[in-house]
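Order of the sequence lines sets the chain letters (A, B, ...), proteins ahead of strands, with each chain counted from 1.
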Protein chains: 2
Amino acid sequence: MPVKDCQTKKLIIETVMKVFFAEGQIYATTQDIADAAGVNRTLINYYFRSKKALLATAIKTTRKEFIKNSDLILSSDLPFREKTERFIDDFLNNLLKYPYLESFVTADLIQRRLKKNAPAGFIEKQPAPIKQYLEEISEEMDAGNIPKNNPVHFMMNIFSLMIYPIIMKPLQMSILNLSETDYEKVLYERKRIILELLFSSEGTKQ
Amino acid sequence: MPVKDCQTKKLIIETVMKVFFAEGQIYATTQDIADAAGVNRTLINYYFRSKKALLATAIKTTRKEFIKNSDLILSSDLPFREKTERFIDDFLNNLLKYPYLESFVTADLIQRRLKKNAPAGFIEKQPAPIKQYLEEISEEMDAGNIPKNNPVHFMMNIFSLMIYPIIMKPLQMSILNLSETDYEKVLYERKRIILELLFSSEGTKQ
DNA sequence: ATTTTTGTTGACATTTTTGTCAAACATAAT
DNA sequence: ATTATGTTTGACAAAAATGTCAACAAAAAT
C-alpha cells in the first residue's frame, strides 16, 4: 500500500503550482522543480510521464481550486450586485494566490495554436456559470441598471480591472513609481474601486 | 561601407519583434528566429553577441516605437478628456501590433527578480509624461470631473481595460464563447466602451 | 588588381535540459 | 525470513539549444 506515495506526488504538484503559478517562473526546468520540492528529479518522470504531463495536471488541479467557489457564487440566486461583489472578492483572493496561472495558460494556448508540439494545457469550453451570469448582465442592461452594451464587455471589464494590475505588477510598479508596500495598499483598495466603476454609471447610457 | 549590414541586422530585430511580441512565442529558440527571418542562425551571434543581447535590443527598439507617439500625446496641452481619448486610441493601435510585448517584459522582470541570471530586459523608471498625466488626473479629481481616488487607480483602470482583453485573447475567446471574428468586433468597440466607463461617473463620488 | 573589410556559411564544441534504466531501498503481506 | 510492491536514487543516454571558429564570399577602399 502506498503511504508516502501520494505525499510526494502531491508535493510535486504543489511545487509546480508555487513555482509556475504563484512565482511566475515560466522558464523553470524539471531540475528547478525538483530542487524547490526537495526531491529527486527522476521522481517527476516516475509519477508523471513527462514535464508536459506534469504541467497539464498541475493546470487542471489549480483551475479546479480556482473555479470551485466562484462557480458556486455565479450559479447562486443572489441579487446581481451582491453576486458581482462576492464574485470579485473571491476571484481576487484566488488571483493573489496564483497570479500567473492565466498568463501561463494563455502562453500555452498560443504555443499550441502555432505548433503541433503541444506543451501542456487544454482548451476550455465556456463554463455554464459564466453563461448564466452573462444572461443576468443582459437582464440588468434591459432593466436600465447598467449601460446597455454587448454583455461580454461588462464581463471583460470585470476581468480586466481585477486581473491586469496583478499580473503586470512588476511593470506597473515602475511605471507608476510605487514601492512594494505602496502597491499592496493600492491593490487592497481595488475591490471598492472596481465596484464603484462598474455600477457608477447607473442609467447614464446615451 | 556596410550596405547589406544594417539590412540583415534590422531584419533579425524585426523578426524577433514579430515572433516574440506580435505572435507571442515566448519559447522561440534562436533557430526559430533564424528560420523565420530566413537567415543563418550564426548571424544572430555575429550581430548580437547572444540571444540575451538580441532580445534586450529588440525590447528597447519596440518600446521606443511604442512610446514615441503616446508620450507626445501625454505631454501635450490638450484638454484632459481629449488627451485621454487620443492616448487610448494610439495605445490600442500599438497594442494590436505587439500584443505580447508587455507579457514578455513582465516575465523577464520576474525572472530577473528571482535569479541573478538576468535574461534580457531592463528596468524602467517612471516616464515623465506619465508623471505629468497623473498630476492632471489629480486636478480633474479636485475639479470633481472624475471620482476622487488615488490617481494611480485611474491610470490602472485605463491600462487594464485596454490591455487585458488583448493579451488574454485566447482565454477570453473560450470563456466568452466568441469566434475570432466576433472577438475582433468586440475589440473594435472597446475604445468607446472604455471612454464611457472612465467618464460616465461624472460627479458620482460618494 | 589587390588588399582590406564586412558579411555569410557549415562544421564543431559546449551547455542545458529531458528522459531512461537498473539497482538499491523501504514497507507491508505472506 | 522472504516475497511482493511501490518508492527512491545515481549513472547514463539522448535531445535540444546556444555559442565558437575557421573558411569562404562579396563589397569597398586602396
Side-chain angles (χ1 to χ4, degrees), chain A residues 1-16 18-20 23-59 104 107-108 110-112 114-121, chain B residues 1-16 18-20 23-59 104 107-108 110-112 114-121:
Chain A
M1 277 284 155
V3 186
K4 262 181 150 181
D5 175 16
C6 289
Q7 285 173 11
T8 38
K9 193 174 180 181
K10 271 186 192 169
L11 173 63
I12 291 172
I13 291 185
E14 281 163 11
T15 306
V16 170
K18 182 187 162 219
V19 170
F20 279 82
E23 296 176 359
Q25 301 197 52
I26 52 174
Y27 301 113
T29 67
T30 49
Q31 188 63 59
D32 292 333
I33 300 167
D35 289 348
V39 303
N40 191 298
R41 185 176 59 83
T42 318
L43 288 176
I44 290 174
N45 294 301
Y46 177 71
Y47 285 113
F48 314 89
R49 241 187 358 279
S50 61
K51 186 186 183 183
K52 229 190 275 186
L54 167 59
L55 290 178
T57 63
I59 288 180
F104 187 86
D108 191 48
I110 291 168
Q111 313 311 313
R112 295 211 289 142
L114 293 167
K115 306 180 181 184
K116 274 298 161 199
N117 178 22
Chain B
M1 277 276 157
V3 186
K4 263 181 147 181
D5 177 14
C6 290
Q7 285 173 12
T8 37
K9 192 173 181 182
K10 271 186 191 169
L11 174 62
I12 291 173
I13 292 185
E14 281 164 12
T15 306
V16 170
K18 182 188 160 216
V19 170
F20 280 81
E23 297 175 359
Q25 300 197 53
I26 51 173
Y27 300 112
T29 67
T30 50
Q31 188 63 59
D32 292 333
I33 299 167
D35 290 349
V39 303
N40 191 296
R41 184 175 59 83
T42 318
L43 288 177
I44 290 174
N45 293 302
Y46 177 69
Y47 285 113
F48 315 88
R49 241 186 0 278
S50 61
K51 186 185 184 184
K52 228 190 275 184
L54 168 57
L55 290 178
T57 63
I59 287 179
F104 187 85
D108 190 47
I110 292 167
Q111 314 311 313
R112 295 210 288 142
L114 293 166
K115 306 180 182 184
K116 274 297 163 202
N117 176 23

Here the distance between atom P of C/dT6 and atom CG of B/L43, to the nearest Å, is 16 Å

Side-chain atoms of B/K51 come closest, of C/dT6, D/dG19, C/dG19, to D/dG19

Contacts of A/D35 meeting salt bridge (Lys or Arg N to Asp or Glu O under 4.0 Å) (sequence neighbours excluded), chain-then-number -> none

List, with names and distances, any nitrogen or oxygen atoms from the protein found under 3.5 Å away from nitrogen or oxygen atoms belonging to nucleotides 20-24 of chain C.
none

Atom CD1 of A/I44 and atom P of C/dT17 are separated, to the nearest Å, by 13 Å

Those residues at least two apart in sequence (or on a different chain) that pass side chain to side chain contact (heavy atoms under 4.5 Å, CB included) with A/L11 are A/T15, A/A37, A/V39

On a heavy-atom basis, the closest approach of A/I13 and A/A58 is CG2-CA, 4.3 Å

Atom NZ of A/K10 and atom P of D/dT7 are separated, to the nearest Å, by 13 Å

Distance col, row A/T8:OG1 vs A/Y46:OH, nearest 0.5 angstrom, shows 9.0 Å

Winner on side-chain proximity to A/N40, out of D/dT7, D/dG10, C/dT9, is D/dG10

By side chain to side chain contact (heavy atoms under 4.5 Å, CB included), A/I26 pairs with (sequence neighbours left out) A/F104, B/I26, B/Y27, B/A107, B/Q111

Sorted by chain and residue number, the side chain to side chain donor-acceptor pair (under 3.5 Å) partners of A/T57 (sequence neighbours excluded) come out as none

note: B/Y27, atom OH; C/dT18, atom C1'; distance rounded to Å ~ 15 Å

message: Just N and O in the side chain of B/Y47: are any of them under 4.0 Å from OP1 or OP2 of C/dT8?
response: yes

When rounded to the nearest 0.5 Å, the distance separating CD1 of B/I33 from CZ of B/F48 is 9.5 Å

note: A/Y46, atom OH; D/dG10, atom P; distance rounded to Å ~ 17 Å

Pairs under 3.5 Å (Watson-Crick or G-U), crossing ones as [ ], inter-strand ones as |: DNA chain D comes out as ||||||||||||||||||||||||||||||

Can a side chain N or O of A/S50 be found less than 4.0 Å away from OP1 or OP2 on C/dT18?
no

Separation between CG (A/D108) and CD1 (A/I59), nearest 0.5 Å, reads 5.0 Å

Across all chains, not counting sequence neighbours, the side chain to side chain contact (heavy atoms under 4.5 Å, CB included) partners of A/A28 are A/V19, A/F20, A/Q25, A/D32

With sequence neighbours left out, the residues meeting side chain to side chain contact (heavy atoms under 4.5 Å, CB included) with A/R41 are A/T30, A/Q31, A/A34, A/N45

Residues of residues 28-36 of chain A with a heavy atom under 4.0 Å from any atom of DNA chain C, listed by number, are A/T29, A/T30

A/I26 CD1 to C/dT17 C1', in whole Å, measures 17 Å

